[in-house]
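What follows is one structure encoded as structure tokens, with my remarks underneath.
Convention: sequence-line order gives letters A, B, ...; per-chain numbering from 1. Since this is a predicted model, take the numbers as computed values, not measurements.
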Amino acid sequence: MPAGNAALPPAAARPAVKAPSPERDLRLDLFRGLALWLIFLDHIPSNIVSWITIRNYGFSDATEIFVFISGYTAAFVYGRAMRERGPVVASARMLKRAWQVYVAHIFLFVIYMAEIAYVSASFENPLFNEEMGIFDFLKQPDVTLVQALLLKFKPANMDVLPLYIMLLAGFAPFVWLLLRAPTFALLASAVVYAVSWHFNWNLPSYPEGTWLFNPFAWQLLFGFGAWCALGGAQKLGGLMRSNIAVGLAFTYLLFALCIVMTWYFPRYASFVPRILSDWMYPIDKTNLDVLRFAHFLALAVVTVRFIPQNWPALKSPWFKPAIICGQHSLEIFCLGVFLAFAAHFMLQQVSSRVAVQIALSALGILIMIASAALMAWYKQVEGRSPGSRPPRDADLAGGEA
Amino acid sequence: MKAISIALLLSLTAAFAGAGNALAADTDPACATASSLVSADFKLSQAATAIKNKQLTIAVIGSASSTLPDAKKAYPARLEEMLISKLPGVAVKVVARVKARESARESMPELRKLMAVEKPSIVIWQTGTVEAMRGIDPDTFRSTLEDGIEAAQEARSGIILMNMQYSPRTELMIAMPPYADAIRIIALQHEILLFDRLAIMRRWGELGTFDLNEVTKEMDTANRVHDCIGHLLGDLILEAAKLPASSENGIK
């Protein structure tokens, strides 16, 4: 989502492909910003504040929002690059971006290793003899580090960036196809999804198992976001806003809420018919269960209906903090992962009382906002100064896609 | 819109929360701080029958977090003591089969053997920690749980699933949630009891009932935690045995 939109030639100059609306859609930034906050809250282990996050009230969670909007904005940026500069340059940019995300991931991994090396050195408690076995991997750094570089060893909560790397790395052919035959491209994405379910495709993890976010499955949501960005949203617009769709969406959201409530209050599970629960469970996060995808769609339908693109409140100062976070998503995402490590560390070293959890959650979000504001300010200042790089490159180096 | 839906969610949550009845825990007051998290959601008819027949055998199968260096202080022994005191005249026996670093799949033969030899009324299956530590595919874990539940039901034993302990120091290293969710959903699907040790111990940590972050070689906290777990488990079994037959699960 480039800030430099205004500098582009008018959309009418590229009649071959239906151009996305030239006005920056602040809703994308807003909801990506909110998703980043929710992901941060969910990443602090056993954080009481995570009770407010959407995963507790339905099937999908903030990850779906983040992946969808990332697909949308990536298609927006690289779709235009592909039209203007051709497939080779655009592909190179996508790979460069994937590389940046990889470097960011490894950087976070180093911070993670530093924390747990510290924690393990000082920890002893006979109650947790079993769990302390996990520190064994520190005894063989050769294997652990190589497996981490291969994206096979991924500590808890460090699964989203590897997914994002794979999605970006494989994105170029999809965008190419999307610009020529959008419906066919979306269909191809759905076929990969279905085939991965059928044949249990997934990437291997170390020491055992597979990726927590299966890229072959999650590409569907990323691809769907991309398809929406390059004209799909206009095609779906009427349908999405129809009363029937909104009614269905509400019904489904309510259904999901009731089902999720039985997870917390099992005695009500007997109200769920056996045949339904057998069909429904497990609701698989790893392979982006259809029920999760549908839950995300329902949320999107309701959002699009009640929050129009030109909603004046989007420009109000109240939403500004979330919007600027959403506009620097990679940086703020990584910062969020780091802050979640730091919060965990503080909870261990100082206190894990509820008040501390709330304070650390609020402090973390404030730091995310302040950092995003600083980056926005810096980008603005640099963009203005003479002799600075052209804005579009600056955008590509930034957190837009 | 958002405000309305949030209000709706909150009121629903409150309504549901009000309905869940806390067990009357006449145990160590420290244990009781988490007793609202122990709720007998489904009837344990095998326990009721066994108590009536004055012979209650319980088998605990699990990994290292089900024991302590002194096994008499670990929760299976504490559970046995609690039930003996609460059920005068009933021959209560709790047998524990604990293997460190053994996954649910690996403990299946042991589970089957235990059921053949001891013919327990109830099996308490503590699981999930080893899976989470090794990163075993949650799908594989789910199908193992299904197999184990089936085996217990074939042997006409009641079954209680117990999830991992809450270990705050290692939370960033061991991704428990996918496995805890798997256990929760399987319990729900089969309408069997879940002893949510993870939530219970987390509550203790939050309230400061026990300091689970402590760096220590002493056994004090560990002993008290296991004592409370044994008591809460006993409460759960007694409560679930008392439930009217209508709450009995539909599995034959």
Relative to chain B, which segment of [X] carries a heavy atom at a distance below 4.5 Å: side chain, backbone, both, or neither?
| X | value |
| --- | --- |
| A/Phe345 | neither |
| A/Leu212 | side chain |
| A/Ser205 | neither |
| A/Ser122 | both |
| A/Asp278 | both |

[X] to [Y] - nearest heavy-atom pair and separation:
| X | Y | answer |
| --- | --- | --- |
| B/Tyr166 | A/Ser46 | CE1-OG, 3.2 Å |
| A/Arg353 | B/Glu206 | CD-O, 3.2 Å |
| B/Lys217 | A/Pro126 | O-CG, 4.0 Å |
| B/Met133 | A/Glu131 | CE-O, 3.9 Å |
| A/Gln348 | B/Arg169 | OE1-N, 3.6 Å |

Legend entry - Which of A/Ser352, A/Gly209, A/Pro155 touches chain B most, by non-hydrogen pairs under 4.5 Å: A/Ser352
Inset, instruction - Between chain B and each of A/Asn125, A/Val354, A/Asp284, count heavy-atom pairs under 4.5 Å; write down the option with the most. - result: A/Asn125
If you round to the nearest 0.5 Å, how far is [atom2] of [Y] from [atom1] of [X]?
| X | Y | atom1 | atom2 | value |
| --- | --- | --- | --- | --- |
| B/Thr170 | A/Ile116 | OG1 | CD1 | 10.5 Å |
| A/Tyr206 | B/Arg134 | OH | CZ | 12.5 Å |
| B/Gln165 | A/Phe128 | CD | CZ | 5.5 Å |

Under 4.5 Å heavy-atom distance to chain A, tell me which part of [X] shows up: side chain, backbone, both or neither.
| X | value |
| --- | --- |
| B/Pro177 | neither |
| B/Arg142 | side chain |
| B/Arg184 | side chain |
| B/Leu212 | both |

For chain A, find which of [options] contributes the most heavy-atom pairs closer than 4.5 angstrom.
| options | value |
| --- | --- |
| B/Pro69, B/Ser65, B/Ala132 | B/Ser65 |
| B/Thr67, B/Asn223, B/Ile174 | B/Ile174 |
| B/Pro168, B/Gly205, B/Ala175 | B/Pro168 |
| B/Leu172, B/Asp137, B/Val225, B/Ile186 | B/Leu172 |
| B/Pro178, B/Gly208, B/Ala182, B/Ser167 | B/Ser167 |

Inset, instruction - Decide whether A/Glu130 and B/Ser63 meet the rule of one side-chain donor and one side-chain acceptor closer than 3.5 Å. - result: yes
Inset, instruction - Could you verify whether a donor N or O on one side chain and an acceptor N or O on the other, from B/Thr216 and A/Glu124, lie under 3.5 Å apart? - result: no
Is it the case that over 12 heavy atoms from other parts of the model lie below 6.0 angstrom from the [atom1] atom of [X]?
| X | atom1 | value |
| --- | --- | --- |
| A/Met346 | CE | no |
| A/Phe338 | CZ | no |
| A/Tyr264 | OH | yes |

Legend entry - Member of B/Asp41, B/Ile185, B/Leu188 meeting the side-chain contact (heavy atoms from CB on, under 4.5 Å) criterion with A/Thr262: B/Leu188
Inset, instruction - Mark yes or no for whether B/His226, through its side chain, and A/Leu127, through its backbone, hold a donor-acceptor pair below 3.5 Å. - result: no
Legend entry - Side-chain heavy atoms of A/Phe135 within contact of B/Met173, under 4.5 Å: yes
Legend entry - Carboxylate-amine/guanidinium contact A/Asp136 B/Arg101, below 4.0 Å: yes
